[in-house]
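Shown next, in structure tokens, is the structure this report addresses.
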Number of protein chains: 2
Amino acid sequence: MNVIVDPELQSALEIVKGAHAQRKTLLLVGACRVDYKGRAESKLGLGDRILIVKEDGAVLVHRPTGYEPVNWQPGGCMFSTQLVDDKLVIRAIRPKPHETLTLTFKKVNLAAQLDLTDRSAFELYATEEEMQETILLDPSLVEPGFRPIAPEKRVKPGFMDVYGMDRSGTPVVIEIKRKTAGREAVLQLWKYLQELRSQKTANIRGIFMAPKLAKGAQRLLETLKLEYKPLSPKRCAEILNKEKGRKLLRYL
Amino acid sequence: MNVIVDPELQSALEIVKGAHAQRKTLLLVGACRVDYKGRAESKLGLGDRILIVKEDGAVLVHRPTGYEPVNWQPGGCMFSTQLVDDKLVIRAIRPKPHETLTLTFKKVNLAAQLDLTDRSAFELYATEEEMQETILLDPSLVEPGFRPIAPEKRVKPGFMDVYGMDRSGTPVVIEIKRKTAGREAVLQLWKYLQELRSQKTANIRGIFMAPKLAKGAQRLLETLKLEYKPLSPKRCAEILNKEKGRKLLRYL
DNA sequence: GAGTGGATTTCGCAT
DNA sequence: ATGCGAAGTCCACTC
């Protein structure tokens with residue numbers, strides 16, 4: 001890590017160039033103007049802002065208030081930095097669509113090259129597992145009268161299933177997807193159903209639960225005479241939150 | 001400004017509390033875990049991140065790559081900070097919807113309280129004037145066969161007009177708004193049309209161009225038998241960019 | 001205060 | 001590569 005407080009622009013320039021060269025995260029705080037030109041155009045006069053240039057070339061310019069950056073660029077930018085007329089000019093160029101974001105620093109209060117190591121996986125809930133829990137908690141999410149019999153282990157990595165019976169006693173296999181499901185997910189359910197049908201009765205329903213179905217997945221689903229019931233991870237998290245404290249009933 | 005490099009957690013705590021107390025922007029770089037619970041839930045294991053807490057209580061947690069914050073809170077958060085088990089725990093609580101974002105710092109590499117002054121107005125183009133230019137440049141934006149006759153000066157501050165003729169030779173008055181137009185904007189066009197109709201022929205069309213119409217404005221527009229054609233500044237900026245280099249034809 | 005639609009949306013997945 | 005739809009979307013504005 002390399003931090004300088006109230007650096008001369010020349011020193012700040014070195015920090016900036018060093019960060020770019022080593023593909024490290026750059027942090028710059030100071031008074032600057034910001035100009036953007038590309039899909040749209042914007043201008044922002046002199047003021048104190050925080051500039052972050054990440055390892056992948058993503059650029060963020062933050063004002064002292066607000067969640068959103070006032071200007072930005074997604075990752076993959078190229079950079080050109082130089083001292084011009086006693087000002088530190090940092091130009092971020094995005095190839096496609098062609099855009100340029102220009103920061104002109106009059107004064108730098110804080111310049112830092114950061115060595116950030118971050119290998120952790122980000123997990124957003126509700127997971128498919130929690131979606132499964134949610135269905136066991138409130139089986140009416142599937143349909144009125146649905147009764148879960150057994151939560152199943154994954155058939156293939158990435159899938160979660162629930163077995164149950166509908167109100168008329170017909171076996172039901174449920175496949176859950178955390179996000180928009182594609183054809184392959186529907187095929188998985190189909191394959192699974194086929195296996196069960198060969199082992200047991202042919203009278204089994206298959207219900208696909210996901211926030212959404214891709215177009216091709218929907219066609220396939222109709223062709224295979226499977227059913228679809230929308231269910232989002234968000235909805236599940238809400239229900240789990242609300243029902244928190246209750247015991248999760250397990251069925252055999 | 002108050003910056004400490006590689007502070008003890010106790011010193012970092014003081015920086016954090018000081019920043020909150022004085023409503024200053026807080027900058028924290030270090031190894032932390034991040035937990036979010038609210039509309040959804042998320043977990044992020046130990047890793048190096050940048051934390052920004054802004055003057056308005058907006059919270060941003062950034063990993064070393066990517067445009068988007070991995071976790072965040074919009075402005076208006078309350079905070080509780082403390083040392084727990086040799087870790088610096090910062091909790092941001094959002095009242096509505098009720099959400100909590102918890103950062104658990106194991107090590108702080110950089111802690112800063114920033115005094116940022118930023119009073120400049122952010123300007124995003126295209127302006128109404130540029131939207132007008134765009135229509136003169138590509139009259140088909142209004143409708144096929146439209147021919148501009150004269151760009152007009154503003155009738156009232158905030159408005160731009162274009163005069164022209166449609167393909168059948170009927171005079172057309174165009175009113176432009178940079179953003180969603182309300183009733184008063186439609187009334188302006190109406191007033192203007194009335195004036196022209198009293199002076200010249202009664203056979204004049206009025207076309208309103210804006211990214212969107214407010215509901216009330218749309219009702220009024222229908223009542224007054226005016227027309228509406230969507231046009232966004234973004235679209236204009238794109239066209240202006242594309243057609244850049246061409247001469248802007250002026251009509252008398 | 002709830003609802004609606006735009007965004008320099010970004011991002012991801014299907015086509 | 002292109003395009004469509006979701007997002008913990010956020011935000012501004014209408015009702």
Pairs where residues 51-61 of chain B contributes a residue and the test side-chain hydrogen bond (donor to acceptor under 3.5 Å, both in side chains) is met, not counting sequence neighbours:
A:H62-B:K54
Taking only the P atom of each, what is the distance from C:dT4 to C:dT8 in whole angstrom?
22 Å
Parallel, tilted or perpendicular, as decided by the 30° and 60° cut-offs, for the rings of A:W72 and B:Y67
tilted
Atom CG of B:D35 and atom P of D:dG8: how far apart are they, to the nearest Å?
16 Å
From B:L44 CG over to A:F122 CZ, what is the distance, rounded to the nearest 0.5 angstrom?
6.5 Å
Tell me whether A:K43 at atom NZ has more than 12 heavy atoms from other residues, nucleotides or ligands lying less than 6.0 Å away.
no
Mark up nucleotides 10-15 of chain C, 5' to 3', with B wherever a protein heavy atom is under 4.0 angstrom from a base atom, S wherever such an atom reaches only the sugar-phosphate, and - elsewhere.
SSSSSS
So which one's nearest nucleotide on DNA chain D is more toward 5', A:K96 or B:L101?
A:K96
Any pair counted as salt bridge (charged side-chain N to carboxylate O under 4.0 Å, His left out), so long as it reaches residues 63-78 of chain A, sequence neighbours left out
A:R63-B:D118
Taking only residues two or more places apart in sequence, or in another chain, which ones meet A:D35 in a salt bridge (Lys or Arg N to Asp or Glu O under 4.0 Å)?
A:R33
Does anything in residues 52-61 of chain A reach DNA chain C, meaning a heavy atom under 4.0 Å, and if so which residues?
none
So what does A:F122 hit on the nucleic acid, given a heavy-atom distance under 4.0 Å: a base, only sugar-phosphate, or nothing?
nothing
Which whole number of Å gives the distance between the P atom of D:dG8 and that of D:dC4?
22 Å
Once you round it to whole Å, what is the distance between C1' of D:dC11 and CG of B:L124?
14 Å
Please name all residues satisfying salt bridge (Lys or Arg N to Asp or Glu O under 4.0 Å) with A:R205, sequence neighbours left out, ordered by chain then number.
A:E143, A:D166, A:E227
How long is the gap from NZ on B:K106 to SG on B:C32, to the nearest 0.5 Å?
12.0 Å
